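Taking it in order: structure first as structure tokens, then the write-up.
Please read these numbers as outputs of a predicted model, since none were measured by experiment.
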Amino acid sequence: DLGMAFLSEIGIDGITVTEVKGFGRQKGHTEIYRGSEYTVDLLPKVMLDIAVADELVEKTIDTIRRSAHTGKIGDGKIFVLPIEESIRIRTGEHGDSAV
């Protein structure tokens with residue numbers, strides 16, 4: 001659930017969750033399959049895409065950090081990127097009202 005309820009409580013109305021593979025500091029690991037050892041370089045991860053208005057950015061970051069923190073390698077990273085424009089296709093709304 002990754003804190004989805006917490007995000008909803010602060011006014012986040014939508015989120016995209018994607019199952020991805022990658023590696024960070026933990027690198028990969030080895031597994032044994034039918035007696036042979038294999039190196040697994042890419043580990044399963046979850047990527048969240050969340051678009052919010054500027055005034056919700058810090059609150060969103062804080063909420064994700066609190067709900068995802070375990071103190072162990074693999075807690076994840078947060079990247080904050082500017083969004084040039086948002087458009088709701090169904091209604092034609094632009095800007096914050098489209099988020």
Side-chain angles (χ1 to χ4, degrees):
D1 132 73
L2 298 171
M4 302 305 169
F6 293 118
L7 291 171
S8 181
E9 287 175 12
I10 65 166
I12 304 299
D13 295 326
I15 181 171
T16 299
V17 179
T18 309
E19 292 181 8
V20 298
K21 292 183 179 185
F23 71 90
R25 288 190 178 152
Q26 79 271 33
K27 306 294 183 218
H29 64 278
T30 57
E31 292 183 1
I32 297 177
Y33 178 72
R34 295 190 179 188
S36 297
E37 189 172 290
Y38 294 91
T39 300
V40 179
D41 294 324
L42 299 176
L43 302 174
K45 299 178 178 287
V46 175
M47 183 170 70
L48 308 178
D49 290 312
I50 306 170
V52 299
D54 289 342
E55 58 270 6
L56 275 178
V57 170
E58 290 304 319
K59 190 182 277 190
T60 303
I61 291 169
D62 182 56
T63 300
I64 293 169
R65 287 183 68 193
R66 283 187 288 110
S67 64
H69 181 265
T70 67
K72 299 178 184 174
I73 291 176
D75 277 354
K77 294 182 175 72
I78 298 172
F79 299 99
V80 179
L81 307 170
I83 296 176
E84 296 294 323
E85 178 67 90
S86 59
I87 303 163
R88 186 182 312 272
I89 294 172
R90 178 178 53 85
T91 62
E93 294 169 278
H94 286 254
D96 287 349
S97 62
V99 176

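Open room surrounds CG on D13; 12 or fewer heavy atoms of other groups in view lie less than 6.0 Å from it. The environment of CD in E19 is sparse: at most 12 heavy-atom neighbours from other residues, nucleotides or ligands sit within 6.0 Å.
When every heavy atom of G14 is checked against every heavy atom of I50, the shortest pair comes out as O-CG2, 4.2 Å. Residues I12 and T60 come closest through the heavy atom pair CD1-OG1, 3.5 Å. Between V99 and A53 the shortest heavy-atom distance is CG1-N, 4.4 Å.
The backbone N or O of S97 lies less than 3.5 Å from a partner atom in the side chain of R88, making a donor-acceptor pair. Of the possible polar contacts, none joining the T18 side chain to the V20 backbone as a donor-acceptor pair under 3.5 Å is found. Proximity of a side-chain donor or acceptor of D75 to a complementary backbone N or O of G71 within less than 3.5 Å is detected. E85 places a side-chain N or O within 3.5 Å of a backbone atom of G95 that can act as its donor or acceptor partner. Proximity of a side-chain donor or acceptor of T63 to a complementary backbone N or O of L7 within less than 3.5 Å is not detected.
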Please report the C-alpha distance between I78 and R65 in whole Å, then the side-chain angles of each, then the deciding distance to 0.1 Å, and finally whether the side-chain contact (heavy atoms from CB on, under 4.5 Å) criterion is met. CA-CA 8 Å; I78 298 172; R65 287 183 68 193; 3.7 Å; yes
Could you please spell out the steps behind the side-chain contact (heavy atoms from CB on, under 4.5 Å) verdict for D49 and M47? CA-CA 7 Å; D49 290 312; M47 183 170 70; 4.0 Å; yes
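To the nearest 0.5 Å, atom CG of residue D62 and atom CD1 of residue I10 are 8.0 Å apart.
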